[in-house]
Student: 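Structure incoming, see below.
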Amino acid sequence: MESRNTNITIWGHIDWLTVIIYLIMIAAGVYSVYAASYDFDDASIFDGAEYSGKQIRWIGLALVLALVLLLFDSRVYETYAYPIYIIILFIMLVTIFVAPDIKGSRSWLVFGPLRFQPAEFGKFATALALAKLFSGYNFVLSSRKSYFQVFAIIFIPILLILAQKETGSALAYMALFLVLYREGMSGLVLLAAGCAVLYFVFAVKFTDDIVLGIPLGEAMVFIVIMVIMVCMSATYCRRLDAARNLLMWFVGTALLCGLLSLFGISIGGYAYFIGSISVASIYCIVLAIIAKARRLIVAAATAVLSIGFLFSVNFFFNSVLQPHQQQRIHVTLGKVDDPLGTGYNVNQAKIAIGSGGLLGKGHLNGTQTKLKYVPEQHTDFIFCTIGEEQGFIGTTAVLILFLILILRVIHIAERQPSSFGRVYGYCVASYFIFHLAINIGMVIGLCPVIGIPLPFFSYGGSSLWSFTILLFILLRLDAARREHPSFF
């Protein structure tokens with residue numbers, strides 16, 4: 001009798017608005033997959049031989065899985081968070097050695113006609129492990145030990161996925177750094193991450209451009225570092241004199257090198273760059289010792305690490321990334337114009353979305369879609385099908401759905417009575433934000449094509465199940481708030 005009352009309470013406290021949004025999105029996903037794969041054969045959307053029919057089967061199993069997740073006691077997810085994480089890591093490790101080579105990666109386990117991608121399921125396992133760590137007794141994200149534990153949980157699956165040569169799935173785990181910021185991580189880390197992206201883009205895009213004898217990539221990165229050091233010196237140390245001296249040094253050396261170049265005396269770009277930063281770093285360290293302003297050392301460390309990262313970009317780009325990945329980045333940055341090669345997918349996707357106009361061409365009337373001009377249009381490029389057939393109105397509706405879902409997930413996370421539920425909720429929101437931004441970004445040419453599916457819309461059982469598990473574990477944790485009425 002007690003168990004029956006408990007189940008009634010669970011159903012009464014489930015966030016049904018989120019469930020309704022989920023159902024609308026998976027239904028719209030099937031509709032889009034059918035439109036993307038339809039080839040004038042008048043096949044039914046429920047035909048098991050079509051992608052839409054297969055997706056419906058995956059959805060049926062996902063709904064059963066969602067029901068099972070809701071029936072579990074919420075304490076199970078916290079109690080077994082680490083064992084689940086370890087089991088998934090083991091499966092991902094095994095995948096490296098037993099998975100067949102599919103399009104250059106070994107990330108899919110194949111069982112007869114079925115195959116699934118363990119990296120997708122690693123997302124919820126990593127989220128559970130991270131939430132479990134933060135819910136530990138007196139755990140605070142402040143010490144080196146705590147940072148080491150957090151980074152270990154996030155980077156171990158990333159390394160395993162990179163070993164499978166599946167860069168796109170590995171990058172999705174980087175979204176979890178947004179969770180760390182919510183839980184007290186210094187904004188300097190996010191600033192460093194943003195700067196790293198800028199350094200990479202500048203170093204790759206402008207590496208061959210020369211201005212006044214100085215590689216433009218080095219000059220632009222130098223400017224970024226200068227701004228960072230000045231801001232950090234002024235903001236964190238409240239030493240305006242230090243900021244002024246640094247600024248005068250950087251501007252003065254830049255003007256001097258430019259003047260010498262006009263007279264035929266060329267200062268090597270790397271010599272100028274390293275020399276300026278080295279002198280500024282030494283100045284910060286000496287001033288920190290004299291004035292006992294230890295935080296000035298942060299500015300110096302930032303400069304030194306920036307130099308190290310800059311020099312590692314070329315090695316990473318040329319030695320770690322695959323040739324096709326390098327080409328995609330070059331196309332995205334505009335260094336290479338390859339509309340019939342690497343840039344073909346994105347170019348055709350842009351044409352499809354643009355041709356949809358305001359209202360679209362109508363269901364099953366998209367020419368780019370029907371004539372199969374866009375490869376992988378039922379998976380990673382599903383958004384271009386929506387844009388062509390439903391137009392600006394349809395794509396806006398999809399974005400609004402995702403916005404409502406993400407905001408709802410954040411709202412659910414914030415009202416959790418435990419740090420476990422809150423951290424897990426923000427992990428779910430971070431995954432959705434990353435997938436939405438990167439998938440649509442690569443379809444419209446703002447990001448390199450890295451194989452990131454659009455949640456609930458792209459065809460595929462692994463992705464659908466992964467996001468279903470993520471979402472419904474959160475709903476189950478939220479339903480358990482009945483034990484804490486003040487949080488309703």
Side-chain angles (χ1 to χ4, degrees), residues 54-55 57-66 68-69 72 76-77 80-133 150-176 179 320 322 325 376 379-380 424 427-428 430-432 434-435 438-439 450-474:
K54 296 176 182 177
Q55 187 74 352
R57 287 203 297 265
W58 286 116
I59 288 175
L61 294 173
L63 293 175
V64 173
L65 179 59
V68 172
L69 292 172
F72 275 120
V76 168
Y77 301 114
Y80 294 99
Y82 287 148
I84 291 173
Y85 177 73
I86 293 173
I87 291 172
I88 296 296
L89 286 183
F90 177 75
I91 296 175
M92 293 168 66
L93 177 63
V94 171
T95 302
I96 299 173
F97 302 101
V98 304
D101 190 315
I102 300 177
K103 296 182 179 181
S105 68
R106 295 180 176 274
S107 58
W108 293 86
L109 291 179
V110 180
F111 299 95
L114 301 177
R115 65 179 188 176
F116 73 96
Q117 193 174 21
E120 288 291 336
F121 298 96
K123 293 174 184 175
F124 85 88
T126 304
L128 286 174
L130 202 60
K132 176 69 173 179
L133 177 64
V150 168
F151 290 163
I153 288 177
I154 296 176
F155 280 104
I156 289 176
I158 289 177
L159 294 176
L160 292 176
I161 297 171
L162 288 177
Q164 300 170 7
K165 298 183 179 180
E166 189 65 32
T167 308
S169 298
L171 289 175
Y173 287 75
M174 300 299 289
L176 295 176
V179 182
V320 177
Q322 300 295 317
Q325 294 170 332
E376 309 297 336
T379 54
D380 298 340
Y424 180 81
C427 287
V428 176
S430 298
Y431 284 133
F432 276 115
F434 181 88
H435 275 259
I438 299 301
N439 179 270
I450 56 176
I452 293 291
L454 186 63
F456 305 133
F457 281 83
S458 295
Y459 170 80
S462 295
S463 174
L464 174 64
W465 277 34
S466 170
F467 283 103
T468 298
I469 293 172
L470 279 166
L471 189 59
F472 278 86
I473 289 179
L474 177 61

Student: Does the separation of the ring centres of F467 and F432 fall below 6.0 angstrom?
Tutor: yes

Student: Can you see which heavy atom on M92 is nearest to which on P157, and at what distance?
Tutor: CE-O, 3.7 Å

Student: Please examine the side chains of S107 and I161, heavy atoms only from C-beta on, and report whether any two atoms are closer than 4.5 Å.
Tutor: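 SC-SC contact between I161 and S107 ruled out.
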
Student: State, with a plain yes or no, whether a side-chain heavy atom of F121 is found less than 4.5 Å away from one of F116.
Tutor: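 The answer is yes; the side chains approach within 4.5 Å.
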
Student: Can you measure from CD1 (I473) to CD1 (I84) and round to the nearest 0.5 angstrom?
Tutor: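 CD1 of I84 is found 6.5 Å from CD1 of I473.
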
Student: If you measure from CG on D380 to CG on L454, what distance do you get to the nearest 0.5 Å?
Tutor: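 Interatomic distance, D380 CG to L454 CG, rounded to 0.5 Å: 9.5 Å.
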
Student: Side chains of Q164 and S169: closer than 4.5 Å at any heavy-atom pair?
Tutor: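 Contact flag for Q164/S169 side chains = no.
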
Student: Can you tell me how far apart CG (L89) and CG (L160) are? Round to the nearest 0.5 Å.
Tutor: 6.0 Å

Student: Considering only heavy atoms from C-beta outward, does the side chain of H435 approach that of K123 to under 4.5 Å?
Tutor: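 SC-SC contact between H435 and K123 confirmed.
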
Student: Closest approach of W108 and A99, non-hydrogen atoms and distance?
Tutor: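 In terms of heavy atoms, the two residues are closest at O-CB, 3.2 Å.
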
Student: Are more than 12 heavy atoms, taken from residues, nucleotides or ligands other than F151, located less than 6.0 Å from that residue's CZ atom?
Tutor: yes

Student: Please report the interatomic distance CD1(I158) to CG(L176), rounded to the nearest 0.5 Å.
Tutor: 7.5 Å

Student: With side chain to side chain donor-acceptor pair (under 3.5 Å) as the rule and sequence neighbours excluded, what pairs involving residues 455-465 come up?
Tutor: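 Applying side chain to side chain donor-acceptor pair (under 3.5 Å) to every pair that reaches into residues 455-465, excluding sequence neighbours, yields nothing.
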
Student: Could you tell me whether F472 and F72 have their ring centroids closer than 6.0 angstrom?
Tutor: no

Student: Verify the neighbour count for atom NZ of K165: are there more than 12 heavy atoms of other residues, nucleotides or ligands below 6.0 Å?
Tutor: no

Student: Would you sort out whether L133 and Y82 count as a side chain to side chain contact (heavy atoms under 4.5 Å, CB included), showing the intermediate values?
Tutor: CA-CA 9 Å; L133 177 64; Y82 287 148; 3.6 Å; yes

Student: Find out whether L470 and Y424 are in side-chain contact, i.e. whether some heavy atom of one side chain is under 4.5 Å from a heavy atom of the other.
Tutor: yes

Student: For F155, does the CZ atom sit with more than 12 other heavy atoms under 6.0 Å from it, leaving out its own atoms?
Tutor: yes

Student: Which heavy atom of G461 sits nearest to which heavy atom of W58, and what is that distance?
Tutor: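 Where G461 meets W58 most closely, the heavy atoms are CA-CD2, 3.4 Å.
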
Student: Provide the closest heavy-atom pair for G122 versus Y173 in the form atom of the first, atom of the second, distance.
Tutor: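 Nearest heavy atoms, G122 then Y173: C-OH, 3.0 Å.
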
Student: Between L130 and I153, is any pair of side-chain heavy atoms under 4.5 Å apart?
Tutor: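 In contact.
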
Student: Restricting to non-hydrogen atoms, name the atom on L464 and the atom on T468 that form the minimum distance, rounded to 0.1 Å.
Tutor: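 The pair with the smallest heavy-atom distance is O-OG1, 2.7 Å.
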
Student: Please report the shortest heavy-atom distance between T95 and P118, naming the atom on each side.
Tutor: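 Heavy atoms only, the tightest pair is OG1-CG, 3.3 Å.
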
Student: Mind checking side-chain hydrogen bond (donor to acceptor under 3.5 Å, both in side chains) for K132 and listing every partner two or more places apart, or none if nothing turns up?
Tutor: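 side-chain hydrogen bond (donor to acceptor under 3.5 Å, both in side chains) list for K132, sorted by chain: empty.
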
Student: Hey, is the main chain of L109 close enough, under 3.5 Å, to the side chain of Q117 for a donor-acceptor pair?
Tutor: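 It does not hold such a pair.
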
Student: So do F124 and L69 actually touch side chain to side chain, heavy atoms under 4.5 Å?
Tutor: no

Student: When rounded to the nearest 0.5 angstrom, what distance separates CD1 in I452 from CG in N439?
Tutor: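 Nearest 0.5 Å value for the CD1-CG distance: 8.0 Å.
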
Student: Any side-chain heavy-atom pair from I438 and L171 closer than 4.5 angstrom?
Tutor: no

